[in-house]
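Just so it is clear: chains get the letters A, B, ... in the order the sequence lines come, proteins before strands, and each one is counted from 1.
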There are 2 protein chains.
Amino acid sequence: MPRPSEPTRERIVQAANSLFYSEGIRRVSVDEVAAKAGLTKRTLYYHFKSKDDLVAAYLAARDQPNLALFRKWFAEAEGGLPAKVDAIFKNLARSARHPKWKGCGFLRTSAELANMPGHPAIRIGAAHKKKFEDWLRATFAEQGIADPLKLARQILLLLDGSFAVVLLHRDASYMETAGEAARMLIETAMGKLGRRRS
Amino acid sequence: MPRPSEPTRERIVQAANSLFYSEGIRRVSVDEVAAKAGLTKRTLYYHFKSKDDLVAAYLAARDQPNLALFRKWFAEAEGGLPAKVDAIFKNLARSARHPKWKGCGFLRTSAELANMPGHPAIRIGAAHKKKFEDWLRATFAEQGIADPLKLARQILLLLDGSFAVVLLHRDASYMETAGEAARMLIETAMGKLGRRRS
DNA sequence: GTATGTATACTCACCAGTGAATATACACAA
DNA sequence: TTGTGTATATTCACTGGTGAGTATACATAC
């Protein structure tokens, strides 16, 4: 059946997403992706010019939904800035307890491609993290925080650290530890910590 | 020439270390490791029973030296606890600027093997991080910090976060940002922050 | 009747692991 | 001191399997 066109491409990307994310890009063959999408490899190569191209599409497809989720968790949380950021880590901890969770697709791809610094997939990952950092920075700036970029980067470090550590230890409680640290850094930056000790 | 025995095994592990670290365990073939070590694949398989076994040996060989380096940087740094921990991040930033630097071998391997949670290589990586965390915790406990484990985990998160982020962005300045965050968390835990704002 | 898709069936390269044979060093015996 | 056995160490040549990418042909829609 010809003529599905865009739906077909979409189906391939979804199959790639599912397989690449859960098993890694090197371990999964193009044939497997094609089979999962319900078509042959040759058809897949009609829609994508190479496996690298497919990998890039896989990551590009994760960009927006991931960011949207973070923004949603932030927006829906009760409380001030520290609590709203903390909510991101709490929600992430919940996700991380699902057995199919395998860390951050962008970071894992960058780890697999560490010997190819200019690879398109890495640029997509870097852009993704940059967008998250930018959003945090803008949010902190709105709240009048003195060095919003620095704080945004610190939160990003805690976030990506918890992806890595939780993946290694399979212990989602590290996400909550990261959230607490984030809270504390934000509170400090907001100058709310003078009242802590006596 | 028989009779080198241990030196030979050592040479293989060093070749594996160099190749696996710089290109990833999946991308490097056993033949390549053997060639780099100056012998044939069959000889390599005399010393190691499988590629997985070789990967495990590669990581096991990185465990002690890595930890020793962190302890050395800590010990040699001037100043109090925050400054000594910060020194680890500063030194790491210096390492990370070398072009051959490719992040943390343990984390990258765990990212490549994310679909095999029980893999020996992952257990070695997890044990390595645990050792680092334990050392930090003990150090903080000696200084009378209230919740030394929590603080140790927060530092670990910043450390591993900076590995991941610097690898992705190829921007070592994130290491220094992580160091600042670590400093701040330690100072807060030491109760030295009350004097900051009027 | 030409664009767009899709499938069958291939090529060529690579790769983990093995079979069978060989070379060396050392122990002990003659 | 010279021979001989045995564990150690190494090689060459191979197998079975997989993987990325392609040549060619066929089908459908407009």
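Taking atom CZ of R26(A) as the reference point, atom P of dC14(C) lies 15 Å away to the nearest angstrom. Computed from coordinates, the L54(B) CG to dG17(C) P distance equals 10 Å when rounded to whole Å. In this structure, CG of D53(A) is placed 14 Å from P of dA20(D), rounded to the nearest angstrom. At whole-Å resolution of the value, CD1 in I25(A) and C1' in dG19(D) are 14 Å apart. Computed from coordinates, the K49(B) NZ to dT18(C) P distance equals 11 Å when rounded to whole Å. One atom, CG of L19(B), and another, C1' of dC15(C), lie 15 Å apart when rounded to the nearest Å. Computed from coordinates, the L44(A) CG to dT8(C) P distance equals 15 Å when rounded to whole Å. In this structure, CZ of R27(A) is placed 17 Å from C1' of dA20(D), rounded to the nearest angstrom.
For a distance-only test at 3.5 Å, the side chain of R42(A) fails to qualify as a donor-acceptor partner of the base of dG21(D). Evaluation of atom-type donor-acceptor distances gives a pair under 3.5 Å for the side chain of K41(A) against the base of dG21(D).
Base-pair partner of dC28(C): dG3(D) (Watson-Crick or G-U wobble, both distances under 3.5 Å). The base-pairing partner of dT28(D), taking Watson-Crick or G-U wobble contacts with both distances under 3.5 Å, does not exist among the strands shown.
A donor-acceptor contact closer than 3.5 angstrom links the side chains of E32(B) and S29(B).
Between K72(A) and E76(A) there is a salt bridge, with a side-chain nitrogen of the basic residue lying less than 4.0 Å from a carboxylate oxygen of the acidic one. Between K150(A) and E180(B), at least one side-chain nitrogen of the basic residue sits less than 4.0 Å from a carboxylate oxygen of the acidic one, meeting the salt-bridge criterion.
Residue T8(B) has its side chain nearest to dT10(D) when only dA20(D), dT10(D), dC15(C) are considered.
Nucleotides of DNA chain C nearest to S50(B) and Y46(A) differ in position, and the one nearer the 5' end is that of Y46(A).
Counting only residues at least two apart or on different chains, the ring pair (Phe, Tyr, Trp, His ring centres under 6.0 Å) pairs with a member in residues 79-113 of chain A are F106(A)-H128(A). Here ring pair (Phe, Tyr, Trp, His ring centres under 6.0 Å) pairs that include residues 132-162 of chain B, with residues two or more places apart or in two chains, are F70(B)-F132(B), F74(B)-W135(B), F132(B)-W135(B).
Counting any heavy atom pair closer than 4.0 Å across all strands shown, T40(A) reaches a base atom. Looking at heavy-atom distances under 4.0 Å, V28(A) makes contact with sugar-phosphate atoms alone, never a base.
For T43(A) and dG5(C), the shortest distance from a side-chain N or O to OP1 or OP2 is not below 4.0 Å. A sub-4.0 Å separation between OP1 or OP2 of dT10(D) and a side-chain N or O of H47(B) is present.
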